[in-house]
Amino acid sequence: MGELGAFLRLDRAEPLERNPTERVNDVREFVRPLPLLELRNQGARCMECGVPFCHHGCPLGNLIPDWNDLVYRDRWQDASAELHRTNNFPEFTGRLCPAPCEAACVLEIREGEAVTIKQIEVSIVDRAWEEGWVVPRPPALRTGRTVAVVGAGPAGLACAQQLNRAGHSVTVLERDEAAGGLVRFGVPEFKIEKRLIERRLAQLVAEGVELRYGVDVGVTVDAAEIRSSYDAVVIATGSRVPRDLPVEGRELDGVHYAMEYLYERARAIAAEVGTAGALAPAPPEQPLTAAGKHVVVIGGGDTGADCVANAHREKAASVTQIEVLGEPPEKRPDDLTPWPRWPLKLRTSYALKEGGERDFAISTTRLTGSDGRVEQIHWAQNDGSPPFAPVAGTEESRPAELVLLAMGFLHPEQHLLEQFGVERDGRGNVDAPAYATSVDGIFTAGDARRGQSLIVWAIDEGRQCAEKVDRWLVERTA
């Protein structure tokens, strides 16, 4: 694979990003593609390591050394074919995945030297679209079997595409006005332009997948009706119940879940750039905005970072991101997360490169305000580990006119699972070790099954679930 010894003479190339002071003034994607020569050099760095541990890091089982080598040899169309063999939406993962494959790269044994797999991946698929290599692949024959997929996030869409290509007639039921799930509404336009989602959806429709929007199964449509109308049902609703903050003042106006803010911003931007769905709700009379406000984001993950970045673009007066966990080490701690595991180390998000403050080991104690609106956040330092008890004498307060709770998600919304009658595990997720639920003919995939996770896991779950559904349908007709 690659060029013999290239990993010894060529350095890793980091992704190119637009200047932070420039990009906060627009909503265009901020990551730029590497030049062609640099991409070939990075493909050349992929060593013939015998056991490709990048496969260990990638849930999709992407054939990474293969398409790295093809890029090095300038065989881009073949690289696209290899990439799409295991991944339905590589332009999504190439932009949004944190790249556990790079953490597992053999070159990463020397920290910071992994092949830039993610940049090669996204460049392959972007070129494939530009060259017209990505085309609809409708099935040659139809089986006469029907499947309803509830939820149009990455897991649901991947499952739908695989089942449709197997010849089954698939209908995706989505309660929002457009498909994509959190990739559309939770992830900002400046991380992934929504036209890329529309492009994939057009491919699915051309292949024969039916997309129905504004269908809230369990609310506007009874689950029993769905179950009786299709041969099989796949629950792919994600893990959408957010973790709350049980402190005094939580009820004040101006304290919101992160997804409330991100959804509203996504819809506002979609209206500006022309990607809003026909069923998009009218803008609220009093928009949820960070403009001119002191913003505090509670939660140090990707969702929190996306809130910070949106607040920058809205010209917030100040932005602070706090995390209950202690500050991780700057380098990979080999005694805790040795290679090839995902390293627990300090990372600075793209959003914090654009400005704002962050602090670790912070426990929020209360929120205060007047006239029903939040004005101050009160917190204290903790020791950085559970139960995160406040340390006496470290209390302080900050202005806070918008507080966004980005502390992760607990489990899927329970009312839909109750209507379908499927069993749940101890965490409230659908109990389905092999994708089949406790109810015959009902399956599940993605975060609804495994809990909050990465986009690569969602797509993999959708593909694996489709295989189980297909096998079940075939056995029923045998």
Side-chain angles (χ1 to χ4, degrees), residues 59-63 80-92 125 128-129 132-174 179-181 197-213 215 217 221 223 225-237 420 422 430 432 434-437 439-446 448-449 458-478:
L60 284 164
N62 281 333
L63 306 173
S80 173
E82 290 296 287
L83 180 56
H84 282 92
R85 280 179 61 186
T86 56
N87 190 346
N88 298 68
F89 315 120
E91 64 270 48
F92 299 177
V125 68
W129 279 105
W133 300 331
V134 181
V135 296
R137 291 169 45 198
L141 297 171
R142 287 290 178 184
T143 65
R145 292 295 182 177
T146 60
V147 182
V149 176
V150 184
L157 293 175
C159 185
Q161 186 167 53
Q162 295 299 108
L163 284 168
N164 180 77
R165 288 177 174 177
H168 309 300
S169 297
V170 183
T171 301
V172 179
L173 307 174
E174 171 56 52
I197 303 174
E198 290 298 322
R199 190 170 61 183
R200 276 295 177 187
L201 295 175
Q203 181 195 28
L204 265 69
V205 171
E207 292 177 352
V209 175
E210 181 184 0
L211 302 174
R212 292 177 56 192
Y213 303 127
V215 181
V217 179
V221 179
E225 179 183 340
I226 300 300
R227 182 68 190 94
S228 63
S229 301
Y230 297 87
D231 295 308
V233 176
V234 176
I235 301 172
T237 54
F420 277 116
V422 298
V430 183
Y435 302 97
T437 73
V439 178
D440 191 41
I442 299 181
F443 300 79
T444 187
R449 188 186 83 94
I459 296 173
D460 175 68
E461 291 250 329
R463 292 172 63 91
Q464 297 291 337
C465 181
E467 184 179 336
K468 302 295 184 183
V469 176
D470 176 54
R471 185 179 304 169
W472 183 83
L473 290 170
V474 169
E475 289 174 352
R476 280 172 59 89
T477 57

Next on the checklist: My understanding is that only one of Ile459, Asn62, Asp460 makes a side-chain contact (heavy atoms from CB on, under 4.5 Å) with Thr86; could you say which?
Outcome noted: Asn62
Checklist entry - Looking at Ser80 and Ala128, what are the two nearest heavy atoms and their distance? => result OG-CB, 3.3 Å
Item to check | Charged tip of Arg227 within 45° of Phe420 ring normal and under 6.0 Å | outcome: no
Item to check | Asn164 and Val147, any side-chain heavy atoms less than 4.5 Å apart | outcome: no
Checklist entry - Taking the side chain as C-beta and beyond, is there a heavy-atom pair between Glu467 and Arg463 under 4.5 Å? => result no
Item to check | Leu157 and Asn88, any side-chain heavy atoms less than 4.5 Å apart | outcome: no
Item to check | Validation row: Val469, Gln162 side chains within 4.5 angstrom (heavy atoms) | outcome: no
Checklist outcome for this item: Nearest heavy-atom contact between Glu207 and Arg137 is OE2-N, 2.9 Å
Next on the checklist: Going by side chain to side chain donor-acceptor pair (under 3.5 Å), name the residues that satisfy it together with Glu174, two or more places apart in sequence or in a different chain.
Outcome noted: none
Item to check | Residues forming a side chain to side chain donor-acceptor pair (under 3.5 Å) with Arg199, sequence neighbours excluded | outcome: none
Next on the checklist: Run the side chain to side chain donor-acceptor pair (under 3.5 Å) test against Ser169 and tell me which residues pass, sequence neighbours left out.
Outcome noted: none
Item to check | Glu461 side chain reached by Thr444 side chain, heavy atoms, under 4.5 Å | outcome: no
Checklist entry - Between Arg449 (side chain) and Ala432 (backbone), is there a donor-acceptor pair under 3.5 Å? => result yes
Checklist entry - Which heavy atom of Trp472 sits nearest a heavy atom of Ala232, and at what distance? => result CZ3-CB, 4.0 Å
Next on the checklist: In the structure I gave you, are the side-chain heavy atoms of Trp133 and His84 within less than 4.5 Å of one another anywhere?
Outcome noted: no
Item to check | Student check: side-chain heavy atoms of Thr143 and Leu141 closer than 4.5 Å | outcome: no
